[in-house]
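Input: a single structure, listed below in structure tokens.
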There are 2 protein chains.
Amino acid sequence: MNENAAAAAGPTAAINPCGACPVRGLAVCGVLEPDELHALAEIVHEVQRVHRQSVIVEGDEAHNFFIVTGGVASVEKLLADGRRQVVGFLYPSDFFGLAIDGCYAYSVTAVTNLSLCRFERQRYLALIDRFPKLEHRLLGMASNELAASQEQMLVLGRKTAREKVASFLSMLSERSRRLGRPPSPVWIPMTRGDIGDYIGLTTETTSRKFTQLRKEGLIAVLPDAMIELLDPAELKRIADGG
Amino acid sequence: MNENAAAAAGPTAAINPCGACPVRGLAVCGVLEPDELHALAEIVHEVQRVHRQSVIVEGDEAHNFFIVTGGVASVEKLLADGRRQVVGFLYPSDFFGLAIDGCYAYSVTAVTNLSLCRFERQRYLALIDRFPKLEHRLLGMASNELAASQEQMLVLGRKTAREKVASFLSMLSERSRRLGRPPSPVWIPMTRGDIGDYIGLTTETTSRKFTQLRKEGLIAVLPDAMIELLDPAELKRIADGG
DNA sequence: CGCGTGATTGAACGATTTCAAAAGATGTGG
DNA sequence: CCACATCTTTTGAAATCGTTCAATCACGCG
């Protein structure tokens, strides 16, 4: 496995240092000056996962902290009978692995092939002590996530199936824009099932609503899992219950 | 209004300093040593609200940061047509008012008579600079909130009405225990409508499920909005989909 | 006592789910 | 490059859980 090979050779950052990282600036690391980066590079390991592989499992001891550098992952919680709630999708520059009581409260699974930076908890905490601005940035990003979670509660609790799908598409488009990419088309590599488990619908209903929006000329499905928003304003209007 | 009277007279902490605060230790303030508390006491204002009064409004500029010291408040988001999602209930020691882009992303309304500590944003940020452990504590509490939000997404997206109500009761009982109070009976001063807007049900369905649990002997409704959990383990089992 | 608010209960309805099947996409090995 | 196996999406029809609409009940308060 790539991870083990990298670990055996020591931190891979020595070979491909953070200086060349495509998501630096957007991620937590963005607050560090170039001359401070080496402290981070010293403790980072690069990790790969393929489609459907697990990264962390709900309930496991939280030994690591991760930043996504490439690909998409899902954050999910399970009920005993197999019902699943996806609580978020992670794109490059997103982080995960903060744990309160020492155990992860969710699982993370690769939706596509996935590249990650992994930091050991102890060494990462030491770094936070050394650079308080890292903690400041972390609080900022956690606040953002909290706001996104609350928005998603509104989607889950009070929106119709049609509004849910429109919200999902608008949210991804907006996120794409925030990350410096075009707001359309958006890359949606997750299955209808993954999406349904995110917005609280079944695979079938999710598919039906996508089809409906497509027939209405609001979206177009392109090759390579790209979806084009043909009328972003109208989609946003639908998403907002209008 | 109490708030204005207090403001005119200067920080009320001079009269009733943080040293006597019932929720210190549980709240953010808990990390400060007694001799550091006066720095906090200097910038705090005590604020009161009555039943149904608004504390902050979604979209307003975020000038303040609050800690609940007494009573219960609801955190909510609205859709244009009036649909409401309650994203959380605030009990003593909870905080709110962190804002990312300078505006509140939710409204906060008093469910009961409510007592709050209010901090002006600027002065609070200055204090964080001075005491980094405040920020550390804030990150810890934000992480907790984030985990609670994700748990609530599971409730909203994937649980049945019966499981939702059982989850709500179990959650409040657990929270009561964490705050050093008995896990039963729990104080539930919010209406069936408030609860329904929190767990994604109508008033009627919420009421029906409460009645059902009562008839099954799992809960008892006591005077003064207290609800007793007669079989916490079974309620938890129901909540977990079991 | 009468009013207003919130809780409860009943009955009909409907949006989404469930069950079932077929069509389309993707990847593998020969 | 094809044929097969697997996974995903789509579509249809029936069933269901929660909603909606409406009426009644219960409690606190002026």
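Proteins get letters first, then strands, A, B, ... in listed order; numbering begins at 1 in each.
Rounded to an integer number of Å, the gap from H51(A) NE2 to dT26(C) P is 12 Å. Rounded to an integer number of Å, the gap from K215(A) NZ to dT10(D) P is 10 Å.
Within the 4.5 Å cutoff, the side chain of F210(B) has heavy atoms near those of the I195(B) side chain. Between Q48(A) and V50(A), the closest side-chain pair of non-hydrogen atoms is not below 4.5 Å. Residues R158(A) and L156(B) are not in side-chain contact: their nearest non-hydrogen atoms beyond the backbone lie 4.5 Å or more apart.
For R214(B), taking side-chain heavy atoms from C-beta onward, the closest of the listed nucleotides dT10(D), dT8(D), dT8(C) is dT8(C). Of the candidates dT8(D), dT9(C), dT11(D), the closest approach to any side-chain atom of E204(A) belongs to dT11(D).
Distance alone, capped at 3.5 Å, places no donor-acceptor pair between the K77(B) side chain and the E151(A) backbone. Within the 3.5 Å criterion, the main-chain N or O of S184(A) finds no donor-acceptor partner in the side chain of S173(A). Side-chain atoms of Y106(B) come within 3.5 Å of backbone atoms of G97(B) as a donor-acceptor pair (strictly under, hydrogens ignored).
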Are there any protein N/O atoms within less than 3.5 Å of an N/O atom in nucleotides 13-18 of chain D, and if so, which ones and at what distance?
from    : atom 1 : to      : atom 2 : distance (Å)
dG18(D) : OP1    : A161(B) : N      : 2.7

**OP:** Take K159(A) and L154(A), measure what side chain to side chain contact (heavy atoms under 4.5 Å, CB included) needs, and give me the verdict at the end.
**Re:** CA-CA 7 Å; K159(A) 292 193 184 180; L154(A) 176 60; 4.3 Å; yes

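Note that CD of E234(B) is 13.0 Å distant from CD1 of I219(B), once rounded to the nearest 0.5 Å. With rounding to the nearest 0.5 angstrom, the CD1 atom of I188(A) is 9.0 Å from the CE atom of M226(A).
Note: F96(A) and F66(A) have parallel aromatic rings, judged against thresholds of 30 and 60 degrees for the angle between ring planes.
Counting non-hydrogen atoms under 4.0 angstrom, S207(A) reaches a base of the nucleic acid.
Where the helix from dC1(C)-dG30(D) to dG30(C)-dC1(D) starts and where it ends, the local axes point in directions that differ by 40°; five pairs per end, rounded to 10°.
Test K209(B), E163(B), Q152(B), M171(B) against I199(B) for side chain to side chain contact (heavy atoms under 4.5 Å, CB included) and you get one pass: Q152(B).
Listed by residue number, the members of residues 72-83 of chain A with any heavy atom below 4.0 angstrom from DNA chain C form an empty set.
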